[in-house]
Amino acid sequence: MKTMTTQQVQELVESKQAIHLIDVRETDEVAAGKIPGAINIPLGLLEFRMSELDKASEYIMVCRSGGRSGQATHFLDNQGYTVTNMDGGMLDWNGQTN
């Protein structure tokens, strides 16, 4: 499984690169703050909403600590998507949130 640190993801966000972040936390968790531009698809709904994702795009998966996003990364990778897990999750995130 491909991984990135929160610092690496923060550098991508701050450089205004076109990246696709998927936050797999529950909606109440996301309401407390998410990375700007991240799309919320709770882990339990990912199987049903993966048709919204483009297999030609690369995705970075985010959650609270890295566990659920790791599960999401493994699942989507097995479905043929290009995905990377953000290690440490939002607990390690020092960048901007909204």
Side-chain angles (χ1 to χ4, degrees):
M1 172 174 33
K2 288 177 24 181
T3 63
M4 293 180 86
T5 66
T6 53
Q7 182 63 38
Q8 289 171 311
V9 175
Q10 184 176 341
E11 289 169 7
L12 290 174
V13 169
E14 290 175 354
S15 70
K16 307 285 189 221
Q17 288 192 41
I19 59 171
H20 303 284
L21 296 166
I22 306 294
D23 192 322
V24 296
R25 296 177 296 158
E26 296 300 317
T27 53
D28 60 322
E29 295 175 281
V30 171
K34 69 175 181 67
I35 300 171
I39 298 167
N40 178 227
I41 303 177
L43 181 60
L45 299 178
L46 188 60
E47 179 179 357
F48 307 103
R49 293 185 55 191
M50 67 181 179
S51 63
E52 299 173 25
L53 307 178
D54 181 359
K55 286 190 176 181
S57 296
E58 294 185 21
Y59 296 95
I60 299 170
M61 309 307 287
V62 177
C63 72
R64 182 179 155 276
S65 64
R68 284 176 283 177
S69 58
Q71 291 175 33
T73 299
H74 182 71
F75 172 75
L76 288 175
D77 184 53
N78 285 340
Q79 303 302 316
Y81 292 88
T82 305
V83 287
T84 301
N85 186 36
M86 185 178 86
D87 277 342
M90 293 303 289
L91 290 176
D92 287 349
W93 181 256
N94 293 316
Q96 182 179 353
T97 60
N98 62 8

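This one's a predicted model, so the numbers in the text were calculated from it and none came from an experiment. Heads up: numbering here begins at 1 and tracks the sequence.
Among residues two or more places apart in sequence or in another chain, the side chain to side chain donor-acceptor pair (under 3.5 Å) test is passed with Glu26 by none. In this view, Tyr59 and His20 satisfy the ring pair (Phe, Tyr, Trp, His ring centres under 6.0 Å) rule, not counting sequence neighbours. A search for side chain to side chain donor-acceptor pair (under 3.5 Å) contacts involving Gln7 returns Glu11, not counting sequence neighbours. The side chain to side chain donor-acceptor pair (under 3.5 Å) check on Ser57 picks up nothing, with sequence neighbours excluded. Residues that satisfy the side chain to side chain donor-acceptor pair (under 3.5 Å) test with Gln79, not counting sequence neighbours, are absent from this structure.
Atom CD1 of residue Ile41 and atom CG of residue Leu53 lie 5.0 Å apart, to the nearest 0.5 angstrom. The distance from atom OG1 of Thr5 to atom CG of Asp87, rounded to the nearest 0.5 Å, is 8.0 Å.
Taking all atoms of both residues into account, the shortest heavy-atom contact from Met50 to Phe75 is SD-CE2, 3.7 Å. Closest non-hydrogen pair, Val24 versus Ala72, comes out as CG1-CB, 3.9 Å. The two residues Cys63 and Asp23 come nearest to each other via the heavy atoms CA-OD1, 4.4 Å. Here the closest non-hydrogen pair linking Thr6 and Gly89 is CG2-O, 3.4 Å.
Here salt bridge (Lys or Arg N to Asp or Glu O under 4.0 Å) pairs that include residues 67-76, with residues two or more places apart or in two chains, are Glu29-Arg68. Among pairs with a residue in residues 35-49, those fulfilling side-chain hydrogen bond (donor to acceptor under 3.5 Å, both in side chains) read Arg49-Glu52, at least two apart in sequence or across chains. Every pair tested for salt bridge (Lys or Arg N to Asp or Glu O under 4.0 Å) that includes a residue from residues 53-62 fails, sequence neighbours excluded, so the list is empty. Identified under the side-chain hydrogen bond (donor to acceptor under 3.5 Å, both in side chains) test for residues 69-78, with sequence neighbours left out: Ser69-Asn85, His74-Asn78.
A 6.0 Å sphere centred on CD of Gln96 holds no more than 12 heavy atoms belonging to other residues, nucleotides or ligands.
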Derivation of the side-chain contact (heavy atoms from CB on, under 4.5 Å) call for Arg64 and Leu91
CA-CA 6 Å; Arg64 182 179 155 276; Leu91 290 176; 3.9 Å; yes
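Applying the under-4.5 Å side-chain rule to Ile, Leu, Val, Met, Phe, Trp and Tyr, the cluster around Val30 consists of that residue alone. With side-chain heavy atoms closer than 4.5 Å counting as contact, directly or through intermediates, the hydrophobic cluster containing Val13 also holds Met4, Val9, Leu12, Ile19, Leu21, Ile35, Ile60, Val62, Met86, Met90, Trp93.
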